[in-house]
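For reference, the structure is listed below as structure tokens.
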Protein chains: 2
Amino acid sequence: MAKVKVAINGYGTIGKRVADAVNLQNDMEVVGISKTRPNFETMLAHEKGYPVYTLTEKADAMKKAGIPVAGTIEDMVANADVVVDCTPGGVGEENKGLYEKAGVKAIWQGGEEHELAGVSFNASANYEEAFGKDFVRVVSCNTTGLCRVIYPLDRQFGVNKVRVTLMRRAADPRDVKKGPINAIVPNPIKLPSHHGPDVKMVMPHINIVSTAVKLPTTLMHVHTVNMELDKECSAEDVRSIFKEQSRVRLIGQGIGSTAEIIELGRDLGRPRNDMWENCVWDDSVTMHEGELYFFQAIHQESIVIPDNVDAIRSMMELEKDGARSIAKTNRAMGI
Amino acid sequence: MAKVKVAINGYGTIGKRVADAVNLQNDMEVVGISKTRPNFETMLAHEKGYPVYTLTEKADAMKKAGIPVAGTIEDMVANADVVVDCTPGGVGEENKGLYEKAGVKAIWQGGEEHELAGVSFNASANYEEAFGKDFVRVVSCNTTGLCRVIYPLDRQFGVNKVRVTLMRRAADPRDVKKGPINAIVPNPIKLPSHHGPDVKMVMPHINIVSTAVKLPTTLMHVHTVNMELDKECSAEDVRSIFKEQSRVRLIGQGIGSTAEIIELGRDLGRPRNDMWENCVWDDSVTMHEGELYFFQAIHQESIVIPDNVDAIRSMMELEKDGARSIAKTNRAMGI
């Protein structure tokens, strides 16, 4: 069977990781990546063998920097079965006309509105909803992290209410221009935050309320999760459910912070120290007065990557069963 | 009437602020401070006119540094009606015998166990409980911040349950040796944290559960507070209650982070930019599905200072009515 042709529009934090993850699968291939500036990432993309596309007016700059240009972004899109749009939040929206005109499927990231795609996707929670669809939005890192723990607990015990405090990293490790550097920033100050409603885009019946702050750290987000469950269960029952989830990792063994989780990623030899799984602190899983509490850390740069691969497989009807796609993606990536 | 003689045992972050606050009151005076090392703070204490006491074996070092020594710590204690113990957490416990032997009253800070004093104190919530007592513990900054908002809401509406996420600063601005510098540290990992039980030491009937993390910032703590109230009320009702509290400040006007709160403290001309009041973000006060949510920032270095003054007044029977002591303390400090 011919491999599905995947183009990556935007080659930054998410785009370069999606390209590498797609490249590892045996049922899809990277037919091109797009980048507007000839920087170290563009050069590395070229050296990895990904055809580099750019805007017409940027072609000369690319060539001057020693990076061959395969064509315009329109050329790249025309060549693909599906485009993974990894342009900055809000920009992806402007590309919809381009994809429609070319008759290609497209995946957007969580920075875009739900309405743009019509389907908000998390592989663990609603793989089937994207099946055969033309447009899909893979939800943001925080929403992905929440869906992965809420969905299995809801299936097993029923989730009556979720309250979550999202402690968000201020910037990615590569960002040198963002802050805060020594402050806590409630964001948004008006409560609740949009993250709860975003989970409902994937699982409409979940009752969830969220608050969020931005913090002077670059490594990972951390969530304090509180859940009221319908059926009585123990912390051990919850741990057992989490252990069954291939994209949830229970952590302990002296890992007391996000810094040590990233060190684990480095020691595991993960590309770019990526941690694709939710990291739930085993010791934090607690039932208190009939309510569940736990801490989880979410690697904002990489957690949505496997879900992008699964979204491609569902949209392209390569695999009907979500669990089988997840297993296939995991195997290829080394999760 | 003779002023109450107050000795400050330990002249660090809390001790130096308590000394200055006591010094501003017309019914008490600082008869001495103790310090074990001759550093810039000791020199400034001397220059301010506070008699400096130290350990016998440290007297020579003090004199060499140009700081006259008024006597030993035992001498200081013998001279006082009440000692405010501001030594580091866990150390204060060792001084109890000294205070008992000298027959002086003593106040400890929140770093010590409740059992050491028998009374855990917050001026807004249980001023009367310390009346005439020999030993009192002023609860920690986070617990103080929680008591100040829970108590008035409980009186007005009844508090059925409090859930709070404490986002704690990693270190004080002066600390150069502590971290984290780029990580989020769930602390403790085992849930819930001790802060909830500490509130119960002041208000035993309050049902509260807390989780806590340490963050790479030095300025202030931030709490996400969720409360179930017994009586139905609006966000506006809650705001009205907060507005009536002299030690709760509603903030807005472009203040979006702890950094800007500290800048406000500097612009107000506060000593050491101290923010003695809880800072509640006005826009964050929200009723959602019948539950209250809000953000508040807590200045860890200074929030307990006025409560220490009130504790002295209650223990020394200078004022029977908590509200009047609070008003008197506030007036003298400029709150």
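Naming: A, B, ... by sequence-line order, numbering from 1 per chain.
Looking only at side-chain heavy atoms (C-beta outward), Thr217(B) and Leu215(A) stay at 4.5 Å or farther from each other. The shortest distance between side-chain heavy atoms of Trp281(A) and Pro186(B) falls below 4.5 Å. Under the 4.5 Å side-chain criterion, counting only non-hydrogen atoms from C-beta, Met167(B) is in contact with Thr165(A).
In this structure, chain A has a heavy atom under 4.5 Å from the backbone of Pro188(B), while its side chain stays farther away. For a residue to count as touching a neighbouring chain, one of its non-hydrogen atoms must lie under 4.5 Å from one of that chain's; by this rule Thr224(B) touches chain A with the side chain only. Looking at Val285(B), neither its backbone nor its side chain comes within 4.5 Å of chain A, counting heavy atoms on both sides. With a 4.5 Å cut-off on non-hydrogen atoms, Glu291(A) touches chain B through its side chain but not through its backbone. There is no contact between Ile251(B) and chain A, counting heavy-atom distances below 4.5 Å. When heavy atoms are compared at a cutoff of 4.5 Å, Lys161(A) approaches chain B solely by way of its side chain, counted from C-beta outward. Only the side chain of Thr286(B) comes within less than 4.5 Å of a heavy atom in chain A; its backbone stays farther off.
In this structure, the side chain of Asn182(B) does not engage the main chain of Ala259(A) through any donor-acceptor pair within 3.5 Å.
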*Please walk me through it: do Ile184(B) and Arg169(A) pass side chain to side chain contact (heavy atoms under 4.5 Å, CB included)?*
CA-CA 9 Å; Ile184(B) 301 173; Arg169(A) 63 84 181 97; 5.9 Å; no
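Scanning both residues, Ala212(B) and Phe295(A), for their nearest heavy atoms gives O-CZ, 3.5 Å.
Ranked by heavy-atom pairs shorter than 4.5 Å toward chain A, the options Ile181(B), Asn207(B), Leu191(B), Thr211(B) are led by Leu191(B). Between chain A and the options Lys190(B), His288(B), Arg163(B), the largest number of non-hydrogen pairs under 4.5 Å is found for Arg163(B). Here Asp283(A) is the residue among Val213(A), Asp282(A), Asp283(A), Asn187(A) with the most heavy-atom pairs under 4.5 Å with chain B.
A 6.0 Å sphere centred on CD of Gln253(A) holds no more than 12 heavy atoms belonging to other residues, nucleotides or ligands.
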